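The structure appears right after this line, and notes come after that.
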Amino acid sequence: MKDNVYFVSGIDTNIGKSYATGYLARKWNEAGIRTITQKLVQTGNEDVSEDIALHRRLMGTGWLPEDDERLTMPEIFSYPCSPHLAAEIDRRPIDFDKIERATQTLSGRYDAVLLEGAGGLMVPLTRDLLTIDYIARHHYPLVFVTSGRLGSINHLLLSLEAADRRGIRLHTLVYNLFPEEDDALIRQDTEEYIRHLLKEKYPEARLEVVPCL
């Protein structure tokens, strides 16, 4: 596999990872980096990944051949919950070999793959495997989504500390402004804090501010 797969996670559920993933893929494509998105495990759906559908709308590409091939959504479970529980409810284990074969195929076809996880870094994929350990095992650079909501700085710092301990490299920190938060003062201060943090601790990481489209 080429070294072109980036794992997208975030500080929490409903933080706008799918929105940020689709936006970032569109921006990279516009810059000439042929980019596709993939969902590691989709829960709460039956047939088609709603997150992949959102990506395509934001990217403006329409449905892709790789979507029809199910390469971008190799594992879908019906119950909207953590992957470990969703797999238990549907009474079938997550097929990690299938996921990794799909990721490898996408990596070979495109310049970049944005692989979106479910929830935050500590979400369990199985009873014995956390998302963060899956990322570390595959040496994926991290694209991490945060926001300007109250409490986000705490969750961001805890997540980055956990990633640092496992040797996961922060590639891009995404400051997601969607949905727009009510408190403009907190939103502005959070962005200033993030910029200072990157300058002091992660000078090689990029900052991407995602607007409300």
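On a predicted model such as this, the values are computed, not experimentally measured, just so you know.
- Within the model, atoms OH of Tyr175 and CZ of Arg195 stand 10.0 Å from one another, a figure rounded to the nearest 0.5 Å.
- Figure legend: cation-pi geometry between Arg92 and Phe77, with NZ or CZ positioned under 6.0 Å from the six-membered ring centre and within 45° of its axis.
- Counting heavy atoms from C-beta on, the side chains of Ile194 and Glu191 never come closer than 4.5 Å.
- Side-chain contact between Ile52 and Trp63: present, with at least one pair of heavy atoms (C-beta onward) separated by less than 4.5 Å.
- Residue Tyr202 qualifies as enclosed at atom OH: its count of foreign heavy atoms under 6.0 Å is above 12.
- Taking the side chain as every heavy atom from C-beta outward, Arg70 and Ile76 approach each other to under 4.5 Å.
- Around the CD atom of Glu204, the shell of radius 6.0 Å holds no more than 12 heavy atoms that belong to other residues, nucleotides or ligands.
- Closest heavy-atom contact between Lys17 and Ser9: CD-C, 3.4 Å.
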Test log, rule side chain to side chain donor-acceptor pair (under 3.5 Å), inputs Thr37 and Arg56
CA-CA 9 Å; Thr37 63; Arg56 299 298 172 260; 2.8 Å; yes

Kindly determine whether Glu88 and Arg127 satisfy salt bridge (Lys or Arg N to Asp or Glu O under 4.0 Å), including the steps that lead there.
CA-CA 10 Å; Glu88 291 172 3; Arg127 293 285 170 179; 2.7 Å; yes

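- Arg34 contributes a side-chain N or O that, together with a main-chain N or O of Arg109, makes up a donor-acceptor pair within less than 3.5 Å.
- Remark: Arg165 pairs with Glu161 by the side chain to side chain donor-acceptor pair (under 3.5 Å) rule, at least two apart or across chains.
- Asn176 contributes a side-chain N or O that, together with a main-chain N or O of Ile15, makes up a donor-acceptor pair within less than 3.5 Å.
- Shown here are the salt bridge (Lys or Arg N to Asp or Glu O under 4.0 Å) partners of Lys27, two or more places apart in sequence or in another chain: Glu208.
- In this structure, the side chains of Thr72 and Leu106 come closer than 4.5 Å at one or more pairs of heavy atoms.
- Applying the side chain to side chain donor-acceptor pair (under 3.5 Å) criterion to Thr21, with sequence neighbours excluded, gives no partner residue.
- Legend: residues meeting side chain to side chain contact (heavy atoms under 4.5 Å, CB included) with Ile89, ordered by chain and number and at least two apart, are Tyr79, Cys81, Leu85.
- Not a single donor-acceptor pair under 3.5 Å links the side chain of Asp183 to the backbone N or O of Leu150.
- Residues Ile132 and Ile168 have side chains in contact (heavy-atom distance under 4.5 Å, counting atoms from C-beta outward).
- Sorted by first and then second residue, the ring pair (Phe, Tyr, Trp, His ring centres under 6.0 Å) pairs involving residues 25-61 (not counting sequence neighbours) are Tyr6-Trp28.
- Taking each heavy atom of Ser152 and Ser147 in turn, the nearest pair found is OG-O, 2.8 Å.
- Put simply, the side chain of Leu142 does not reach to within 4.5 Å of the side chain of Thr172, judged on heavy atoms.
- Between Leu173 and Leu156 the shortest side-chain heavy-atom distance falls below 4.5 Å.
- Every residue two or more places apart in sequence or in another chain that forms a side chain to side chain contact (heavy atoms under 4.5 Å, CB included) with Phe96 is listed here: Ile94, Ile99, Glu100, Leu125, Thr126, Leu129, Tyr134.
- Atom NZ in Lys39 sits 8.5 Å away from atom CD in Glu50 (nearest 0.5 Å).
- Placement of Ile33 and Tyr110 within a single hydrophobic cluster is found when ILVMFWY residues are connected by side-chain heavy-atom separations under 4.5 Å, directly or transitively.
- In plain terms, the two heavy atoms of Val41 and Pro83 that are nearest each other are CG1-CB, 4.0 Å.
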